[in-house]
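It should be emphasised that the depicted structure is a prediction, and the values quoted were computed from it without experimental measurement. What's counted below: heavy atoms across the whole structure, side chains too, no hydrogens, waters or symmetry copies.
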Amino acid sequence: MTVEPVVLSSPTVFRISAVIRITLLSLYTVLMLPLPFLAQAVQAPVSPLFLAIGIGLGAIIVYGLLTERVIIDEQGIQVTYSPWVTVLPLFRKGWSLSWSQIKALKPRTTGQGGLVYYFLSQTGEGYLLPMRMAGFAKFVAIVQEKTGIDTTDVRPLAQPWMYFILFGCSLLLGLMDIWTISTALNYPPFNN
């Protein structure tokens, strides 16, 4: 049986999975939301307004990082972010490689015991393989077809069920936030 080569008539775009985006944004929100209220309630030396502005800027940064997308076409692979993100100096600019520049795919163990992969270019530079995208299986199949590198053992860094559990924890933290904020609003700085 012969396998038909994958022909990409137009660029294919892979974005970070919606499950991951929603989970990480909700986790950030539930962790940060009560802080200005608590700062006001305990009369912390840090201004609640300063905290709120910092939390807002942090939310923009988290959202910006979650706009990562992988674009593949007949020429190669490109990792990029939304245009408004790439003009900001603190964000990564992304990278691109032609298929012919990719020499190998090397696994590396993370500090938490996970496994990530790097594209190794002909010049020896490493480029992190994006692993949190929707359509990951299709993506690695195209990479295998275009580079000839065996990707059968390449799996996403985290499985969707892990993010569902984290989202459930975020919902529970959200309930705690409601209690925390309502309690903080009953402290003297608020009810005077």
Side-chain angles (χ1 to χ4, degrees), residues 12-71 78-95 108-117 128-140 154-192:
T12 303
V13 178
F14 296 91
R15 299 182 190 283
I16 292 181
S17 166
V19 170
I20 294 171
R21 281 194 317 258
I22 291 168
T23 299
L24 294 179
L25 287 170
S26 64
L27 183 62
Y28 179 84
T29 301
V30 298
L31 289 173
M32 297 294 134
L33 187 63
L35 295 180
F37 297 97
L38 291 172
Q40 179 73 27
V42 300
Q43 298 177 350
V46 179
S47 162
L49 178 61
F50 181 75
L51 274 175
I53 291 169
I55 290 167
L57 290 174
I60 292 169
I61 291 169
V62 170
Y63 182 78
L65 291 172
L66 293 174
T67 65
E68 179 185 79
R69 60 182 182 254
V70 179
I71 303 168
Q78 178 182 12
V79 176
T80 186
Y81 297 86
S82 289
W84 67 269
V85 173
T86 56
V87 297
L88 298 174
L90 25 125
F91 284 104
R92 298 181 266 189
K93 303 297 183 211
W95 54 267
R108 295 283 184 261
T109 304
T110 66
Q112 295 80 29
L115 195 61
V116 295
Y117 292 87
L128 182 64
L129 173 77
M131 300 179 75
R132 292 184 171 94
M133 68 183 82
F136 186 76
K138 178 181 176 184
F139 168 73
V140 293
V154 177
R155 302 278 181 263
L157 185 58
Q159 299 300 320
W161 62 267
M162 295 176 184
Y163 285 97
F164 286 124
I165 290 173
L166 192 56
F167 183 71
C169 292
S170 296
L171 291 177
L172 292 175
L173 279 171
L175 293 174
M176 285 301 298
D177 283 356
I178 293 169
W179 175 81
T180 303
I181 292 169
S182 64
T183 303
L185 290 173
N186 288 321
Y187 264 65
F190 284 106
N191 61 16
N192 281 345

Spatial distance of atom CG (Leu24) from atom OG (Ser17) [nearest 0.5 Å]: 10.0 Å
Side-chain donor-acceptor contacts of residues 163-181 below 3.5 Å, not counting sequence neighbours, with atom names and distances?
unit_1	atom_1	unit_2	atom_2	d
Tyr163	OH	Arg132	NE	3.2
Ser170	OG	Leu166	O	3.0
Thr180	OG1	Met176	O	2.8

For residues 57-67, run the donor-acceptor check on the side chains, cut-off 3.5 Å, and write out each pair with its distance to 0.1 Å, sequence neighbours left out.
unit_1	atom_1	unit_2	atom_2	d
Thr67	OG1	Gly64	O	2.6
Thr67	OG1	Ser82	N	3.3

Set of side chain to side chain contact (heavy atoms under 4.5 Å, CB included) partners for Met133, sequence neighbours left out: Phe14, Val70, Pro130, Phe136, Phe139
For the student: nearest non-hydrogen atoms of Val30 and Pro34, plus distance: O-CD, 3.5 Å
By side chain to side chain contact (heavy atoms under 4.5 Å, CB included) - contacts of Val116 (at least two apart): Arg108, Thr110, Tyr118, Leu128, Met131, Leu157
Any residue meeting side chain to side chain contact (heavy atoms under 4.5 Å, CB included) with Leu115, in chain and number order, not counting sequence neighbours: Pro107, Thr109, Tyr117
Residues in side chain to side chain contact (heavy atoms under 4.5 Å, CB included) contact with Ala44, at least two apart in sequence or another chain: Ala39, Val42
Approximate separation, where rounding is to 0.5 Å, of Ile55 CD1 and Tyr28 OH: 6.0 Å
Distance (rounded to the nearest 0.5 Å) between Thr29 OG1 and Ile22 CD1: 11.5 Å
Closest non-hydrogen atom pair, Leu33 against Phe37: O-CD1, 3.5 Å
